[in-house]
K.L.:
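Once you've had a glance at the structure underneath, I'll fire off some questions.
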Amino acid sequence: MIEPVTRYSDPLSSPAPKRVLHVGCGVKAHHRLHALFRNPAAWSEVRADVDANVAPDLVCSAVDMRQQVPNGSYDALWSSHTIEHLYDHEVPLAFAEFLRVLRPGGFALVRCPDMTAIVEAIQAVGLETVVYMSPAGPITPLDMLFGHRAAIARGNSFMAHHTAFTDERLGELLIEAGFASVVTKRADAYDLWAVAFTDETAMDTILADLAMTGLDFRS
């Protein structure tokens, strides 16, 4: 009689979580990480910020991360309301860095204010009307243009805005930085989104995964 073989899963053979670099992470908070990256079994977050006071894993500027981040060391990059804080001439440098740190098949997910929506809000309600509440407090079109004034008044100069994006401009700048393909989306709450791919091998899978989180670039 042949004894049945009992097979045990080897924890060492389990795939390691993918790595996401959270650029401009701010103070550590659950809501700051996009829903796609919140499963610790699937994704490992590394936080990077120019402001050491927010206790990031890496203190560096998005414009130059070379001393802290090797080439091709991350599967994804997440940047939320960071690129508008760069000076305009720094944006191409930052996007080139976004591409440099990603592995083949990787992607960058970017969120920033939508200048088209801000202009529409100014035309509709003016500069000073509160249009939504954020974790930092009430936000007006003037705050979206130049940065959260209350935070800047408290001495946080990192909150100032120095440039702006439409969906066309954001997509063009990412392509010019060397990304193979970019999809943009204008969304609610004055948000503009882009997902930029190093190549198109996993593009459909990534877009489907994002749609499962409620961010559907194809709708």
Side-chain angles (χ1 to χ4, degrees), residues 22-38 45 47-51 53-54 56 61-63 77-91 94-95 98 108-174 182-196 207 210-219:
H22 186 173
V23 175
C25 59
V27 177
K28 189 174 181 63
H30 182 71
H31 74 271
R32 293 183 182 273
L33 188 62
H34 189 270
L36 180 67
F37 306 118
R38 290 178 189 166
E45 177 194 17
R47 298 169 56 249
D49 202 290
V50 70
D51 185 1
N53 292 321
V54 302
S61 167
V63 173
L77 182 145
W78 164 231
S79 170
S80 177
H81 287 278
T82 297
I83 59 173
E84 67 272 18
H85 298 283
L86 302 174
Y87 286 100
D88 194 70
H89 69 276
E90 295 177 317
V91 173
F95 286 175
F98 288 9
L109 182 62
V110 178
R111 177 170 66 177
C112 66
D114 180 357
M115 178 54 72
T116 302
I118 295 170
V119 171
E120 291 170 351
I122 293 170
Q123 292 173 334
V125 301
L127 283 170
E128 297 277 8
T129 301
V130 174
V131 292
Y132 73 92
M133 295 294 296
S134 78
I139 302 297
T140 68
L142 194 56
D143 292 307
M144 290 188 284
L145 276 175
F146 297 110
H148 190 227
R149 290 173 293 160
I152 297 169
R154 291 193 295 268
N156 188 353
S157 60
F158 292 118
M159 293 299 291
H161 293 181
H162 299 295
T163 191
F165 303 89
T166 62
D167 53 345
E168 294 88 354
R169 182 170 193 255
L170 181 56
E172 288 172 0
L173 286 169
L174 287 163
V182 178
V183 184
T184 62
K185 180 181 179 67
R186 298 185 62 200
D188 296 334
Y190 305 94
D191 276 340
L192 177 61
W193 294 81
V195 56
L207 289 173
L210 287 167
M212 291 290 291
T213 71
L215 181 59
D216 191 347
F217 280 89
R218 295 177 171 175
S219 64

K.L.:
Roughly how far, to the nearest 0.5 Å, is CZ of F165 from CD1 of I118?
P.N.:
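With rounding to 0.5 Å, CD1 (I118) is 11.0 Å from CZ (F165).
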K.L.:
Just verifying a value: how many Å separate L109 CG and S80 OG, rounded to the nearest 0.5 Å?
P.N.:
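These two atoms lie 8.5 Å from each other.
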K.L.:
Quick one: are E120 and V125 in side-chain contact, heavy atoms under 4.5 Å?
P.N.:
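Side chain of E120 against side chain of V125, heavy atoms only: no contact under 4.5 Å found.
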K.L.:
Do K28 and V54 make a side-chain contact, defined as non-hydrogen atoms from C-beta onward lying under 4.5 Å apart?
P.N.:
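No, too far: nothing below the 4.5 Å cut-off.
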K.L.:
Heavy-atom distance under 4.5 Å between the side chains of T116 and Y190, does that happen here?
P.N.:
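No - every pair of side-chain heavy atoms lies 4.5 Å or more apart.
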K.L.:
Roughly how far apart are L142 CG and H148 NE2, rounded to 0.5 Å?
P.N.:
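Reported to 0.5 Å precision, the distance equals 11.0 Å.
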K.L.:
Can you tell whether the side chains of D191 and R111 come within less than 4.0 Å, N to carboxylate O?
P.N.:
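Looking at R111 together with D191, the answer is yes, because their closest N to O distance falls below 4.0 Å.
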K.L.:
Kindly determine whether L36 and W78 satisfy side chain to side chain contact (heavy atoms under 4.5 Å, CB included), including the steps that lead there.
P.N.:
CA-CA 10 Å; L36 180 67; W78 164 231; over 6 Å; no
K.L.:
Would you indicate whether the side-chain heavy atoms of W193 and H34 approach each other to under 4.5 Å?
P.N.:
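They are in contact (side-chain heavy atoms under 4.5 Å apart), so the answer is yes.
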K.L.:
Are the side chain of K185 and the backbone of D216 linked by a donor-acceptor contact shorter than 3.5 Å?
P.N.:
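Flag set: sc K185 to bb D216 pair under 3.5 Å.
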K.L.:
What is the distance from atom CG of N156 to atom CG of N53, rounded to the nearest 0.5 Å?
P.N.:
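If I round to the nearest 0.5 Å, the distance is 8.5 Å.
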K.L.:
What heavy-atom pair brings G26 and R47 nearest, and what distance separates the two atoms?
P.N.:
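Of all heavy-atom pairs spanning G26 and R47, the closest is O-NH2, 2.7 Å.
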K.L.:
Roughly how far apart are I83 CD1 and L192 CG, rounded to 0.5 Å?
P.N.:
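The CD1 atom of I83 sits 7.5 Å away from the CG atom of L192.
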K.L.:
L210 versus V195: any side-chain heavy-atom pair under 4.5 Å?
P.N.:
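Sidechains of V195 and L210: in contact.
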K.L.:
Can you say whether the rings of H162 and Y87 are parallel (under 30°), tilted (30 to 60°) or perpendicular (over 60°)?
P.N.:
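Rings of H162 and Y87: parallel, under 30°.
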K.L.:
Looking at side-chain heavy atoms only, is the closest gap between E45 and F37 below 4.5 Å?
P.N.:
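Contact flag for E45/F37 side chains = no.
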K.L.:
Verify side chain to side chain contact (heavy atoms under 4.5 Å, CB included) between F98 and V110, making sure each step is shown before the conclusion.
P.N.:
CA-CA 10 Å; F98 288 9; V110 178; 4.2 Å; yes
K.L.:
Which atom names give the shortest non-hydrogen contact between R169 and A164, and what distance separates them?
P.N.:
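For R169 and A164, the tightest heavy-atom pair comes out as NH1-O, 2.8 Å.
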K.L.:
T140 versus L127: any side-chain heavy-atom pair under 4.5 Å?
P.N.:
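They are not in side-chain contact.
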K.L.:
With a 4.5 Å cut-off on side-chain heavy atoms, are D49 and V23 touching?
P.N.:
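In short, these two side chains do not touch, never coming nearer than 4.5 Å.
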K.L.:
If you look at every heavy atom in G147 and I152, which pair is closest and at what distance?
P.N.:
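Shortest heavy-atom separation between G147 and I152 comes out as C-CD1, 3.9 Å.
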K.L.:
Just checking D88: does its CG atom have more than 12 heavy atoms from other residues, nucleotides or ligands closer to it than 6.0 angstrom?
P.N.:
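Buried by this count: over 12 neighbours within 6.0 Å.
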K.L.:
Applying side chain to side chain contact (heavy atoms under 4.5 Å, CB included), run through L145 and I122 and close with a yes or a no.
P.N.:
CA-CA 10 Å; L145 276 175; I122 293 170; 3.7 Å; yes
K.L.:
Look only at the side chain of T129 and the backbone of G126, and say whether a donor-acceptor pair between them is shorter than 3.5 Å.
P.N.:
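No; judged by distance alone, with no hydrogens or angles, the pair does not exist.
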K.L.:
Looking at every heavy atom in both P135 and H31, which two are closest together, and how far apart are they?
P.N.:
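Scanning both residues, the minimum pair turns out to be CG-NE2, 3.8 Å.
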K.L.:
What pairs meet the salt bridge (charged side-chain N to carboxylate O under 4.0 Å, His left out) rule with one or both residues in residues 147-157, with sequence neighbours excluded?
P.N.:
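Listed once each, the pairs are E128-R149, D143-R149.
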K.L.:
Tell me which one of D167, T166, D114 satisfies side chain to side chain donor-acceptor pair (under 3.5 Å) with R186.
P.N.:
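Per the side chain to side chain donor-acceptor pair (under 3.5 Å) rule, the option paired with R186 is D114, out of D167, T166, D114.
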K.L.:
Let me see the working for H22 and R32 under side chain to side chain contact (heavy atoms under 4.5 Å, CB included), right down to the final yes or no.
P.N.:
CA-CA 9 Å; H22 186 173; R32 293 183 182 273; 4.0 Å; yes
K.L.:
Flag yes if more than 12 heavy atoms outside F217 fall under 6.0 Å of its CZ atom; otherwise flag no.
P.N.:
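Counting other residues, nucleotides and ligands, CZ of F217 exceeds 12 neighbours.
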K.L.:
In terms of the angle between their ring planes, are H161 and H85 parallel, tilted or perpendicular, with boundaries placed at 30° and 60°?
P.N.:
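Perpendicular.
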K.L.:
Quick one: pull up CD in E172 and CD in E168 and give me the separation to the nearest 0.5 Å.
P.N.:
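Answer for the CD-CD pair, E172 versus E168, is 7.5 Å.
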K.L.:
What is the minimum heavy-atom distance between G171 and V182, and which atoms define it?
P.N.:
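Looking at all heavy atoms of both residues, the shortest contact is CA-CG1, 4.0 Å.
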K.L.:
Any idea which heavy atoms bring A121 and P141 closest together, and the distance?
P.N.:
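What the structure gives for the nearest pair is CB-CG, 4.0 Å.
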